[in-house]
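Here the structure comes first, spelled out in structure tokens, and everything after it is commentary.
Start at 1 with the first residue, then count along the sequence.
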Amino acid sequence: MMDVPVFAKKHAPLFYLHSTDKYHPTDLSTFLQHVRPQIDFEDVKPSQPALTLADLDQWNTRGDSNGENVYLTSIENVAEEPEWLRGGTGVDNADGVQSYRPGAIIVVERGGNFVDVFYFMFWAFNHGGKVFSQAFGNHVGDWEHVMIRFWNGTPTKVWLSQHGHGEAYTFEALEKNAGRQRPVLYVAKGSHAIYPKKGDSDHVAPNMTTTLPFLLVDQCSDGLLIDPLKVSYPYSYTPVAVRKDSAQSSRAFRKWCKSRTLPVQEESPSGIFRAIQSWAPRPGWLKFNGHWGDQEYDVDDPRHQNLPQYRKHGDGPKGPLFNHIDGKPELGEWLEQWLRKLFSGKKKMKVQGNPQRIYVDGTPARPKEQASVQASGDTFVNTWGG
């Protein structure tokens, strides 16, 4: 991939899917061929014949709350498991170029010499698993991501999304590829939560996964390897707060911007998107306020299989704009720190230095507010809720 910043390519993550997961990442345009916009289970009259990534933000004018109650709903009954829910592995076109695009790389300027690079991946279906032999937590559409925080082009922290929350690690803590530059990460079977190692992880307690299986267990293995550099659309994003204060701009970000001419910018209320490559769709889909998947079915829908306070199928997720890329103040709660020992097979993960409390928007905590971090063995883990 050309023109993504060198540091974002050099340290891009690699994803191992579970070897027996039948759901693979889904090409974004293919997904749109199998859904139609609905509000409260009623079709919304389209303004053009087909849904496209470039124009998906047109649906923000429908319904209430700027389109936030619009659901991209499966045309087919998902209980019958149509083949498209399983995603794909990608094919090259006649020019040898990968046409399978389930991902997006978004370079986000944070200010204070910080740049966050988000590596998003999309699945058409999330299989939530079972508790006491009862399935729940399924939903059409599933966005997961890794965010790597760079300071002047050097990777420092890595955020892994997991079930609406997640964990953050120092960059040095993670397993690397043979070149010792790219984090190697593992995608859980069915749920697609992202973890730093193979094996089982229980997530019954948000923001506090454990390798001791209890109720909600994610399974990871080294199956199919996905390289987001080969299957993602590239974009940049400048939040409003950074846009208004050019002095905050990262030196690495400014250097990268000066080396190329980016296409026409697309504004959203919270910031500006730009397609880094001319072949990337207009970023209308990144500004879409609705849900990528079905609305949670009515309680008496036969597709449900209930547990107390839970239903088998939930709402489809919202897109990348709603996954912390804008650094809204309400996401700036102090990040809780947890210390653990992590093992990858027989090899202990090493960390150099102590993780520090940081704001989600990238601002380091003031010295007097830094948490006192104690070592647990020689591995440090820093987590925050999302």
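- Between the side chain of K176 and the main chain of L174, a donor-acceptor pair closer than 3.5 Å is present.
- A side-chain hydrogen bond (donor to acceptor under 3.5 Å, both in side chains) with D218 holds for exactly one of H163, K189, H18, Q162; it is H163.
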*Between R86 and D21, does a salt bridge (Lys or Arg N to Asp or Glu O under 4.0 Å) hold up when you go through it step by step?*
CA-CA 9 Å; R86 298 182 179 224; D21 193 351; over 6 Å; no

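- Considering only heavy atoms from C-beta on, H127 stays 4.5 Å or farther from S191 through its side chain.
- The aromatic rings of F122 and W143 lie tilted to each other, with the angle between the two planes from 30° to 60°.
- In this structure, K198 and D222 approach most closely via the heavy-atom pair NZ-OD2, 3.6 Å.
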*Under the side chain to side chain contact (heavy atoms under 4.5 Å, CB included) rule, what do Y16 and V184 come out as? Steps first, then yes or no, please.*
CA-CA 8 Å; Y16 272 115; V184 176; 3.6 Å; yes

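- The distance from the CD1 atom of I148 to the CG atom of D116 is 10.0 Å, given to the nearest 0.5 Å.
- No side-chain donor-acceptor contact under 3.5 Å links Y233 to the backbone of P283.
- Stacking of K157 on the aromatic ring of F150 is not recorded, the 6.0 Å distance cut-off and the 45° axial limit not both being met.
- Note: W285 and Y235 have perpendicular aromatic rings, judged against thresholds of 30 and 60 degrees for the angle between ring planes.
- The nearest pair of heavy atoms linking I105 to P228 is CD1-O, 3.9 Å.
- Hydrophobic clustering, with ILVMFWY side chains joined whenever heavy atoms are under 4.5 angstrom apart, keeps V140 apart from Y71.
- Classification of the W123-H192 ring pair by plane angle, with boundaries at 30° and 60°, yields parallel.
- N177 contributes a side-chain N or O that, together with a main-chain N or O of R180, makes up a donor-acceptor pair within less than 3.5 Å.
- Closest of all the heavy-atom pairs between S161 and E144 is OG-OE1, 2.8 Å.
- Note that the CZ atom of F31 and the CG atom of L53 stand 10.5 Å from one another [nearest 0.5 Å].
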*Would you please test Q38 and D43 for side-chain hydrogen bond (donor to acceptor under 3.5 Å, both in side chains) and show each step?*
CA-CA 4 Å; Q38 287 193 334; D43 289 354; 2.7 Å; yes

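- With values rounded to the nearest 0.5 angstrom, D315 atom CG is found 16.0 Å from W292 atom CH2.
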*Given side-chain hydrogen bond (donor to acceptor under 3.5 Å, both in side chains), test Y186 with E175 step by step and report yes or no.*
CA-CA 10 Å; Y186 299 86; E175 177 187 347; 3.0 Å; yes

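- Among all heavy-atom pairs drawn from P25 and L17, the shortest one is CD-CD1, 3.7 Å.
- What you find for A8 and V4 is that their closest heavy atoms are CB-CG1, 3.6 Å.
- Rounded to the nearest 0.5 angstrom, L56 CG and L286 CG are separated by 9.5 Å.
- Proximity of E81 to K22: side-chain heavy atoms (C-beta onward) are separated by under 4.5 Å at one or more points.
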*What's the verdict on ring pair (Phe, Tyr, Trp, His ring centres under 6.0 Å) for F118 and H324, showing C-alpha distance, side-chain angles and the deciding distance?*
CA-CA 10 Å; F118 287 77; H324 300 180; 8.1 Å; no

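- In this structure, V231 is a member of the same hydrophobic cluster as L229, with clusters built from ILVMFWY side-chain heavy atoms closer than 4.5 Å.
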*asked:* Let's go through R282 and D55 carefully: what are the C-alpha distance in whole Å and the side-chain angles of both, what is the deciding distance for side chain to side chain contact (heavy atoms under 4.5 Å, CB included) to 0.1 Å, and is it a yes or a no?
replied: CA-CA 8 Å; R282 171 183 167 267; D55 299 318; 3.8 Å; yes

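- In this structure, D27 contributes its side chain and R101 its backbone to a donor-acceptor pair below 3.5 Å.
- Using a 4.5 Å heavy-atom threshold, the side chains of F288 and L321 count as separate.
- Counting all heavy atoms, side chain and backbone alike, R62 lies closest to V70 at O-CG2, 4.1 Å.
- In K10, the NZ atom is not crowded: 12 or fewer heavy atoms of neighbouring residues, nucleotides or ligands sit closer than 6.0 Å.
- Between F120 and H145, the two ring planes are tilted [angle within 30° to 60°].
- Using a 4.5 Å heavy-atom threshold, the side chains of L185 and Y195 count as separate.
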*Test side-chain hydrogen bond (donor to acceptor under 3.5 Å, both in side chains) on Y23 and D142 and set out the steps.*
CA-CA 11 Å; Y23 301 108; D142 187 18; over 6 Å; no

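- At distances below 3.5 Å, at least one donor-acceptor pair connects side-chain atoms of H11 with backbone N or O atoms of Q181.
- Linking ILVMFWY side-chain heavy atoms closer than 4.5 Å, directly or via other members, places I106 and W279 in a single hydrophobic cluster.
- The main-chain N or O of E42 is never found under 3.5 Å from a side-chain atom of D40 such that the two would form a donor-acceptor pair.
- Checked by atom type and distance alone, the side chain of S19 never pairs as donor or acceptor with a backbone atom of G223 at under 3.5 Å.
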*Check the pair E76, W84 against side chain to side chain contact (heavy atoms under 4.5 Å, CB included), reporting the backbone distance first and the verdict last.*
CA-CA 10 Å; E76 300 168 84; W84 64 271; 2.8 Å; yes

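- Side-chain atoms of L14 and I226, non-hydrogen and from C-beta on, never get closer than 4.5 Å to each other.
- Proximity of a side-chain donor or acceptor of T61 to a complementary backbone N or O of W59 within less than 3.5 Å is not detected.
- Between T73 atom OG1 and Q295 atom CD the span is 7.5 Å, to the nearest 0.5 Å.
- When atom types are taken as modelled, the side chain of R149 and the backbone of F114 share no donor-acceptor pair closer than 3.5 angstrom.
- In this structure, CG in L85 is found 11.0 Å from CD in E80, a value given to the nearest 0.5 Å.
- Partner of F15 under the side-chain contact (heavy atoms from CB on, under 4.5 Å) criterion, out of V187, L225, D227: V187 alone.
- Not a single donor-acceptor pair under 3.5 Å links the side chain of N66 to the backbone N or O of N60.
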*Candidate pair T156 and F171, rule side chain to side chain contact (heavy atoms under 4.5 Å, CB included), full reasoning*: CA-CA 5 Å; T156 59; F171 184 82; 5.8 Å; no

